[in-house]
Amino acid sequence: MSIYSFLVAVRSDGQQLMSDTGETTSHLMGMFYRTLRIVDNGIKPLYVFDGAPPKLKSGELAKRFARKNEASEQHEEAKETGTAEEVEKFSRRTVRVTREHNEECRRLLRLMGIPFIVAPTEAEAQCAVLARAGKVYAAASEDMDTLTFDSPILLRHLTFSEQRKEPIQEIHLDKTLEGLNMDRKQFIDLCILLGCDYLDPVPKIGPNTALKLIRDHGTLEKVVEFIESDPKKKYAIPEDWPYQDARELFLHPDVRSADDPECDFKWEAPDVEGLVQFLVNEKGFNEDRVRSAAQKLQKNVKTAQQSRLEGFFKAIPKTEDQKKDLKRKHEEKVADAKKKKKEDAKTKKETKAKAHLNS
DNA sequence: ACTCTGACTCAAGACGCT
DNA sequence: TTGAGTCAGAGT
DNA sequence: AGCGTCC
C-alpha cells in the first residue's frame, strides 16, 4: 500500500520522479526517507510485503483490473484532447505497483540493513502473526483488517513525517473487543458484514445496522437467516456471498509461522557503498543526501533501541475541540468500532506508548 | 426531527529554506 | 486505489 | 506554515 501511495503522491509537474534513464524513483524516494525517519526515531521496522492474493479476492481484483484499464484509456484520451490537469488526474488513476517496484524496494531495504518478509498471501495476516508472537511490538498499517487478523496492537499513521496531520493511533484489539463487548468470532463476523476486501457489501447495511444485526443475532449465520426470512425483504444478501470462506481466511490465513527460520529477523548496518551505487549511480539521487542518510542509519544501529515515541505522542492535542472531534468521528464507520478504542488509547495511554517496535 | 446510507469530492510523500 | 469529509434523500 | 524541489 505504501509503495502505491508513493507512486501516486511523489511527483513533480504531474510526473513521477525519474532517474535520467527514465525509470521511476518515487517509490525509492518515499521508502528511503520514511524508513530513515522511522529508524531515526528509535524504531526498528520490519517490512512485510504482500504475497499472492487469496483466491477469494480474485473477484475484487478483477474489478480493479477492469477499472485500471478503463482509466488507462481515459488517460490516453486525455493526453490527446484533455487539459494538463486531466492528464495528471488519470495518470494517478492508472498507477500500478509492478514486480520491479517491489524488487527495487527490497533491494533498498537490504542495503539499508532493514529486514523484511514476503508474506505467503496477505501482508496484514503475516503482520498479525508476527505481532502476536512478540516478534514485533505492533503491526503498523492503515488497514483495519489487521485487527481482524488478530494482531494485538495496530498502529496507524506511523510515518513520523513532519506534517503528519493525523496523530499516530495505537489500537489494542483486546480493548476494542472489550469496548464492543464481543468475542473475536463476532468481531470477525461484524467486519465481514461491514464490508471486507473479499466480499461485496450488503446494500443498505452500514456500520450501525451491521453492529445492530450482529448484536441481535450473534452470528453471521443467524443474521443471514434473519435477512432471508424477513417478510419485508428489507435487505438482500448478494448472490455470491461466501461469508464462511471469508471468515475462514480471517481465522486461518496462509502465513509463515513466527518460529519459521525465515522469521529470524536481523537489523544490520547499512551497506553505504551499496546504497551509493544503487541510489546515486543507478538512480541519480544526490550523493551527499544519500551519504548523510546512510550515516544516520549507521548511528542508529549502534544506539541502544530506546524509545523516542513519547516525543511524538506528546504532540497529540487534547483540547476540547479535539475531543469533540474525536467523539464525532467515533460515531462512524468500521472505524467506529475501532476508533472507540482509539479514544481510550488516547485518553489513557497518551504518552505511555513504548516503542520497542520489536524487542 | 432524527438516523442512516450512499453518492460525491478531494488529496495523496518528505525535505529544507524562508 | 484508499480515506476522509460533506451533503441529500429515504426511512423511521 | 507555505512552497519549491527532490529524480
Side-chain angles (χ1 to χ4, degrees), chain A residues 1-38 40-41 50 53 57 60-61 63-72 75 85 88-97 104-105 124 141-145 156-166 169 193-197 200-213 232-236 278-290 292-293 296 325-326 328-336 338-339:
Chain A
M1 192 65 224
S2 23
I3 297 180
Y4 176 85
S5 69
F6 289 138
L7 292 177
V8 170
V10 184
R11 282 163 183 262
S12 179
D13 294 325
Q15 295 291 305
Q16 289 167 343
L17 301 187
M18 289 182 298
S19 67
D20 45 18
T21 54
E23 300 161 284
T24 295
T25 53
S26 297
H27 56 305
L28 297 172
M29 174 73 86
M31 266 280 196
F32 188 54
Y33 288 109
R34 179 179 290 182
T35 305
L36 187 62
R37 194 162 246 284
I38 288 173
D40 208 36
N41 279 279
D50 267 315
K57 216 171 175 176
E60 268 315 300
L61 294 176
K63 285 181 203 162
R64 287 185 204 172
F65 188 76
R67 275 185 295 229
K68 285 291 179 193
N69 281 335
E70 192 178 329
S72 295
H75 184 211
E85 272 175 10
E88 189 177 330
K89 189 172 77 184
F90 289 117
S91 161
R92 284 179 208 257
R93 278 188 207 171
T94 59
V95 164
R96 284 179 228 224
V97 179
E104 286 187 333
C105 286
E124 268 69 25
S141 167
E142 296 315 299
D143 194 342
M144 288 296 183
D145 278 357
R156 300 184 76 209
H157 316 127
L158 189 77
T159 67
F160 292 98
S161 87
E162 286 301 341
Q163 26 97 213
R164 69 185 180 296
K165 336 155 252 304
E166 306 280 351
Q169 290 179 340
L193 192 55
L194 282 165
C196 66
D197 247 19
D200 291 327
V202 182
K204 307 284 180 194
I205 294 187
N208 297 295
T209 312
L211 184 57
K212 184 174 185 310
L213 287 173
K232 282 175 282 181
K233 296 259 192 288
K234 200 162 164 204
Y235 306 112
F278 183 33
L279 295 179
V280 178
N281 298 347
E282 296 177 35
K283 302 297 179 183
F285 280 52
N286 177 285
E287 179 161 356
D288 291 340
R289 290 184 72 183
V290 171
S292 71
K296 268 190 186 172
D325 200 44
L326 289 175
R328 200 161 33 73
K329 283 186 196 159
H330 160 25
E331 277 137 43
E332 288 198 33
K333 284 245 157 180
V334 185
D336 187 49
K338 304 131 195 201
K339 245 169 199 173

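To find a chain, count down the sequence lines: A is the first, B the second, and so on, and within it residues start at 1.
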(Q) Can you tell me if A/R156 touches the phosphate of C/dA4, counting only side-chain N or O atoms and a distance under 4.0 Å to OP1 or OP2? (A) yes
Kindly give the atom pairs (protein nitrogen or oxygen, nucleotide nitrogen or oxygen) under 3.5 Å for nucleotides 1-3 of chain B.
none

**Q.** Under 3.5 Å donor-acceptor, A/R92 side chain and A/V8 backbone
**A.** yes
Q: Nearest 0.5 Å please: distance from the CD atom of A/E124 over to the CG atom of A/D143.
A: 4.5 Å
Q: Looking at every strand, decide which applies to A/Y33 at a 4.0 Å heavy-atom threshold: base, sugar-phosphate, or nothing.
A: sugar-phosphate
Q.
What is the separation between atom CG on A/L7 and atom C1' on B/dA11, rounded to the nearest whole Å?
A. 16 Å
(Q) Please check this pair: side chain of A/T25 against backbone of A/L17, looking for a donor-acceptor N/O pair closer than 3.5 Å. (A) yes
Q | Given B/dG6, D/dC7, B/dG13, the nucleotide with the shortest approach to the side chain of A/F285 | A | D/dC7
Q: Specify the residue among A/A210 and A/R289 whose closest nucleotide of DNA chain B lies further upstream toward the 5′ end.
A: A/A210
Q. Roughly how far, to the nearest 0.5 Å, is CD1 of A/I205 from CG of A/L211?
A. 12.0 Å
Q: Using a 4.0 Å heavy-atom cut-off across all strands, classify A/L28 as base, sugar-phosphate, or nothing.
A: nothing
(Q) Could you tell me how far D/dC3 sits from B/dA11 if I compare only their P atoms? Round to whole Å. (A) 14 Å
(Q) On the nucleotide B/dG13, are OP1 or OP2 found under 4.0 Å from the side-chain N or O atoms that A/T159 carries? (A) no
Q. For the side chain of A/R37, counting heavy atoms from C-beta on, which of B/dA14, C/dG3, C/dT1 is nearest?
A. B/dA14
Q | A/H157, nearest nucleotide to its side chain (from C/dT12, C/dA4, D/dC7) | A | C/dA4
Q. Atom CG of A/L193 to atom C1' of B/dT5: distance rounded to whole Å?
A. 14 Å
Q.
Keeping A/E142 on the side-chain end and A/H157 on the backbone end, is there a donor-acceptor pair under 3.5 Å?
A. yes
(Q) Please enumerate all residues that pass side chain to side chain donor-acceptor pair (under 3.5 Å) together with A/S5, with sequence neighbours excluded. (A) none
Q) How far does the P atom of C/dT2 sit from the matching atom of B/dG13, given to the nearest Å? A) 16 Å
Q | Donor-acceptor under 3.5 Å (A/T24 side chain, A/S26 main chain) | A | no
(Q) Please classify the nucleic acid contact of A/K212 as base, sugar-phosphate, or nothing, using heavy-atom distances under 4.0 Å. (A) nothing
Q) What distance separates A/F285 CZ from A/L28 CG, expressed to the nearest 0.5 Å? A) 5.5 Å
Q | Pair listing, salt bridge (charged side-chain N to carboxylate O under 4.0 Å, His left out) test, anchored in residues 4-16 of chain A, at least two apart | A | none
(Q) How long is the straight-line distance from OG1 of A/T209 back to CG of A/L193, given to the nearest 0.5 Å? (A) 8.5 Å
Q: Check the distance between D/dC7's C1' and A/H27's NE2 and give it to me in whole angstrom.
A: 12 Å
Q.
Could you tell me how far C/dG3 sits from B/dC15 if I compare only their P atoms? Round to whole Å.
A. 24 Å
Q.
I'd like to check the side chain to side chain donor-acceptor pair (under 3.5 Å) partners of A/E104; sequence neighbours left out, ordered by chain and number.
A. A/H27, A/K283
Q. Which nucleotide, B/dG6, B/dT5, D/dC7, lies nearest any side-chain atom of A/P203?
A. B/dG6
Q. For the helix from B/dA1-C/dT12 to B/dA12-C/dT1, what angle lies between the axis at the first five pairs and the axis at the last five pairs, to 10 degrees?
A. 10°
Q.
Tell me the interatomic distance from A/L279, atom CG, to D/dC6, atom P, rounded to whole angstroms.
A. 16 Å
Q: Indicate yes or no for a side-chain donor-acceptor contact from A/R156 to the backbone of A/Q169 under 3.5 Å, with no hydrogens or angles considered.
A: no
Q. What is the distance from CZ of A/R34 to C1' of D/dC6, rounded to the nearest Å?
A. 16 Å
Q. Within less than 4.0 Å of OP1 or OP2 of B/dG13, is there a side-chain N or O belonging to A/S161?
A. no
Q: Just call it for A/G206: base, sugar-phosphate, or nothing, with non-hydrogen atoms closer than 4.0 Å on any strand.
A: sugar-phosphate
Q: Could you check how far CD of A/Q169 sits from C1' of C/dA4, rounded to whole Å?
A: 12 Å
Q. Just how far, in rounded Å, is P of D/dC6 from CE of A/M29?
A. 9 Å
(Q) OP1 or OP2 of C/dT1 versus the side-chain N and O atoms of A/R93: is any pair under 4.0 Å? (A) no
Q. What are the two closest non-hydrogen atoms of A/I38 and A/L158, and how far apart are they?
A. CD1-O, 3.9 Å
Q) Listed in order of residue number, which residues of residues 8-24 of chain A have a non-hydrogen atom at under 4.0 Å from DNA chain B? A) A/V8, A/A9, A/V10, A/R11
Q: Using modelled atom types only, decide if a donor and an acceptor are shared between the side chain of A/S292 and the backbone of A/R289 within a distance under 3.5 Å.
A: yes
Q: Measure from CG on A/L194 to P on B/dG6 and round the result to the nearest Å.
A: 12 Å
Q) How far, in whole Å, is D/dG4 from B/dA12 if one measures between their P atoms? A) 14 Å
Q | Among B/dT5, D/dC7, B/dA12, the one nearest A/T209 by side-chain distance | A | B/dT5
